[in-house]
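What's counted below: heavy atoms across the whole structure, side chains too, no hydrogens, waters or symmetry copies. Here the structure is a predicted model, which means the values were calculated and not measured. Note that the numbering runs from 1 along the sequence shown for the chain.
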Amino acid sequence: MFLTSTKSKRNDKHSIGFINNRNDCFANASIQALVPLQYLTGYLNDFFQTYERLAKLLEDGGVDEHDGSDKTGSNKNKTNATNTRPVLQSFSSTATITPQNIDDVIQTNVENDTPDMPEVPLHKEVATIIQQLQRIVTTSSYISVWPVLHALEKIFNAKISGGQNDAHELTQIVLQVLQKENQLMRNYVDNNVNALSNDVVIPDFPINGYLCDHLTCLKCGNTSRINKHEFCMFSIHVPQQAMDKLSNMLDKNQMETIEGYSCLTCKIKSILANEKAALSTETSNKNDKILGALQNIAENGFINDDLPPLLKEYVDNYNKNGLSTKQLKSEIVKKTVFIDCPDILILHLSRSMFNGMSYTRNDCNVLFDEELVVNRQLIREDENGNGGKCVGVETIKYKLKSCIRHQGSHSAGHYECYRLKPFLVKDILTGEVINKSQVINWGNNCEKQQDQNNEADSTSSRTKTETELELCADTLNNNGNSNLNEIVKENVNKIRSRANSLLSLNSTSTGTTCTETSSEFSENNDINSVGENHSNSQSLEKVNSTTSSNDNSTETSSQSSYRSSTIKKMAGFISRKASISSHSKMPTTLTADSEPNVLVTSASELSDTFNTVPLKRKLKKIRSITKYPYWRVSDTKVREVKADDVLLEGKYVYMLYYERV
């Protein structure tokens, strides 16, 4: 990784870009757009967790393979999935990579790899590069996108063209190869793993959805059977006008009028009407049976049903009394609707226009929002499992995560990416910046990450307690209270020691909290969390100030001489920062002479109380992320932008990446 600027104090100002050695902007923007997709990150983590688990089972001999081999764990894929990278090779082929030959390439690899556990090289490379781009950096830096491109070249045994390429085509290839590798693992689990076929589950690919085509004849009014098909990217044809809304384009793109369609229902109804009007004298049993079958189909059938051979020949070749079914044509409306909305919805805005001689770019201004609502059709299938009819509509909400812009002509130009920043929050006490978004962890360090979070929470609680007492000491010191100040400082060391012991206990006992390890509170004690309002902190109790020791007598005498304002400040500060419930031994009241209703706490007893109270981290949003929620990434250049800047790119937006809410 290369650094290109000085370090910034802010963690959200910079991100990692891609170097562009030639015409790589199409690939740079395509991969950058995948980084903020949380469903994709979660999928990759789950995928590699399952992959590693299956590899370990094969190595340990805990899986029966379909080919009858012994359980010796002999498998060429024992190595860790996170460390395995495809070995680059020289290519003698001059073929180019296209989406059309993905099925042939993957099928060849399946036959060659069986029965060993299949390789997933593109999963590994995509996860590796997304993991690098998700790192929080404080200076501008950049890496290369070519590890992913080299993996594609090896898979296809072909070279990526060095000329101008399309971000839409590359994204489509990447998604389809990821989908095929996912299906490859599913087939391996289903076919080669017998003992744990129900236990090992490959996660679903989050970008796959399902559409259905529905035809309606405008002449007879009948409809077709639903044709269900899978998709990973939804293409929308941009209208040839100055401006249009994305929602309107979705609705218009889902409907299409087709002329010259041979409607089966129209043909059958015309035949029946012609036979009835002609009063045919033919009374053979064969003709009666045919007409009876056609009558039943006209009442209950669809416009695209498949007829038995005998009926099909009769309908197609019917020519009586001037009626020829071959000349019957109808106009239909084709409607494409969502029946299974994916977790990640990728929209491709097709801006190509053909003027009769060449292709040009459509500069229509597409108005889009950060939120998108998609209507999902609820389909009820028939008893045979075939697509039935729509029985309802469900609204699905999506939120914008990234988009790709293209500026230039139809055949040349520059690609850039807008992507959402990670969800960063700041610990108010320590100033630590925490990334609450999912990141690539390869699915094998979830427990470790949880332990680190628990340790960070405990460390924050320890630091918070120390800081509170130190602030109390500073407050009292400013008012000339040196005796209590010394007591507070002594108790800071005691609390630090107690907190360290609790940390060591947490590391050896998973799931044990500070409250569980303490026996100083009874079951009826009420422990409130840190951060409550002062009005809700009335559980702060008065502490015993009468003891037999001379030190405590001196402490009480000193406290009684403090000004009431100082006591109120200390009591209010403690009650706001940590609302502490009653102790098992009810302490004695200590009040000021001029303020009899003010509650104060002896600092000498704060350490024992704080040791048993689990303090929560108080986090806040980072203001700069709220103001500038997106990065604009143009190869190595990364800068912050507002949400309005992204939404104003309607004239140049090319691809939109939405994620399900």
Side-chain angles (χ1 to χ4, degrees), residues 29-44 46 130 167-168 171-172 174-175 178-179 203-212 229-238 244-255 335-350 365-379 390 392-405 417-423 436-438 625-626 629-632 641-650 652-661:
S30 300
I31 301 301
Q32 287 280 1
L34 303 178
V35 177
L37 303 179
Q38 293 292 279
Y39 280 103
L40 179 61
T41 299
Y43 160 77
L44 291 173
D46 294 340
I130 290 180
H168 161 245
T171 303
Q172 186 178 7
V174 170
L175 296 181
L178 290 177
Q179 179 184 359
D204 295 330
F205 194 54
I207 307 180
N208 281 355
Y210 283 92
L211 300 170
C212 74
H229 53 92
E230 194 175 21
F231 78 99
C232 64
M233 187 183 306
F234 191 75
S235 294
I236 302 176
H237 295 282
V238 178
D244 200 0
K245 292 184 178 180
L246 178 63
S247 56
N248 295 338
M249 293 167 53
L250 272 173
D251 296 336
K252 295 177 183 178
N253 192 77
Q254 292 178 344
M255 297 187 64
K335 188 175 183 179
T336 303
V337 296
F338 295 95
I339 60 174
D340 189 3
C341 295
D343 294 329
I344 301 172
L345 178 62
I346 303 178
L347 301 178
H348 165 236
L349 305 181
S350 178
N365 187 12
V366 179
L367 304 179
F368 62 98
D369 296 321
E370 288 190 278
E371 294 184 356
L372 178 67
V373 177
V374 175
N375 292 326
R376 171 180 174 246
Q377 303 287 334
L378 303 178
I379 304 299
C390 176
V393 178
E394 179 186 8
T395 58
I396 307 297
K397 293 183 179 180
Y398 287 90
K399 183 175 177 58
L400 182 66
K401 292 293 183 178
S402 57
C403 72
I404 295 178
R405 75 184 298 270
C417 173
Y418 289 96
R419 66 179 177 92
L420 193 67
K421 291 182 179 180
F423 182 33
K436 303 290 287 186
S437 300
Q438 285 195 80
I625 294 182
T626 304
Y630 291 89
W631 280 310
R632 179 173 178 173
V641 294
K642 298 180 180 180
D644 292 340
D645 297 330
V646 180
L647 301 181
L648 290 176
E649 291 287 351
Y652 306 103
V653 63
Y654 185 59
M655 296 178 66
L656 293 167
Y657 295 73
Y658 284 93
E659 202 163 55
R660 196 166 181 168
V661 178

- Query: Mind checking whether P629 and L420 have side chains closer than 4.5 Å, heavy atoms only?
  - Reply: yes
- Query: Parallel, tilted or perpendicular: which fits the ring planes of H348 and H168, with parallel below 30° and perpendicular above 60°?
  - Reply: parallel
- Query: Got I130 and L40 here, is their nearest side-chain heavy-atom distance under 4.5 Å?
  - Reply: yes
- Query: For the atom pair CD1 (I625) and CZ (F423), what is the distance rounded to the nearest 0.5 Å?
  - Reply: 8.5 Å
- Item | P342 side chain reached by N208 side chain, heavy atoms, under 4.5 Å | no
- Given side chains that start at C-beta, do those of T336 and F231 come closer than 4.5 Å, heavy atoms only? no
- Message: Could you report the tightest heavy-atom contact between E370 and Y658, atom names first, then the distance?
- Response: O-CE2, 3.7 Å
- Message: Does atom CD (E371) have a neighbourhood of more than 12 heavy atoms from anything else shown, all under 6.0 Å?
- Response: no
- Does some side-chain heavy atom of F234 sit less than 4.5 Å from a side-chain heavy atom of N253? yes
- Query: Is there a side-chain contact between T395 and K397 (heavy atoms, below 4.5 Å)?
  - Reply: no
- Evaluate the side-chain proximity of L347 to L372: yes if any heavy-atom separation is below 4.5 Å, no if none is. yes
- How many angstroms lie between SG in C232 and CD1 in I346, if you round to the nearest 0.5 Å? 7.0 Å
- Smallest separation among heavy atoms of R376 and I339, with atom names: NE-O, 2.8 Å
- Checking L367, V238, L349 against L246 for side chain to side chain contact (heavy atoms under 4.5 Å, CB included), the one that qualifies is L349
- Message: Please find the pair of heavy atoms, one from L211 and one from F338, that lie closest to each other, and give the distance.
- Response: CD2-CD2, 3.4 Å
- Item | Least distance between heavy atoms, C341 atom then V374 atom | SG-CG1, 4.1 Å
- So among Q38, M233, K401, E659, which one has a side chain to side chain contact (heavy atoms under 4.5 Å, CB included) with I344? E659
- Rounded distance [0.5 Å steps], CD1 in I236 versus CG in D244: 10.5 Å
- Query: V35 and T41: which non-hydrogen atoms are nearest, and at how many Å?
  - Reply: O-OG1, 4.2 Å
- Query: Is there a donor-acceptor contact under 3.5 Å linking the side chains of R632 and Y418?
  - Reply: yes
- Query: Taking everything shown except K245 itself, do over 12 heavy atoms lie less than 6.0 Å from its NZ?
  - Reply: no
- Would you please name every residue forming a salt bridge (charged side-chain N to carboxylate O under 4.0 Å, His left out) with R405, sequence neighbours left out? E416, E649
- L647 and F368, any side-chain heavy atoms less than 4.5 Å apart: yes
- Message: Which heavy atom of I404 sits nearest to which heavy atom of A167, and what is that distance?
- Response: CD1-CB, 4.5 Å
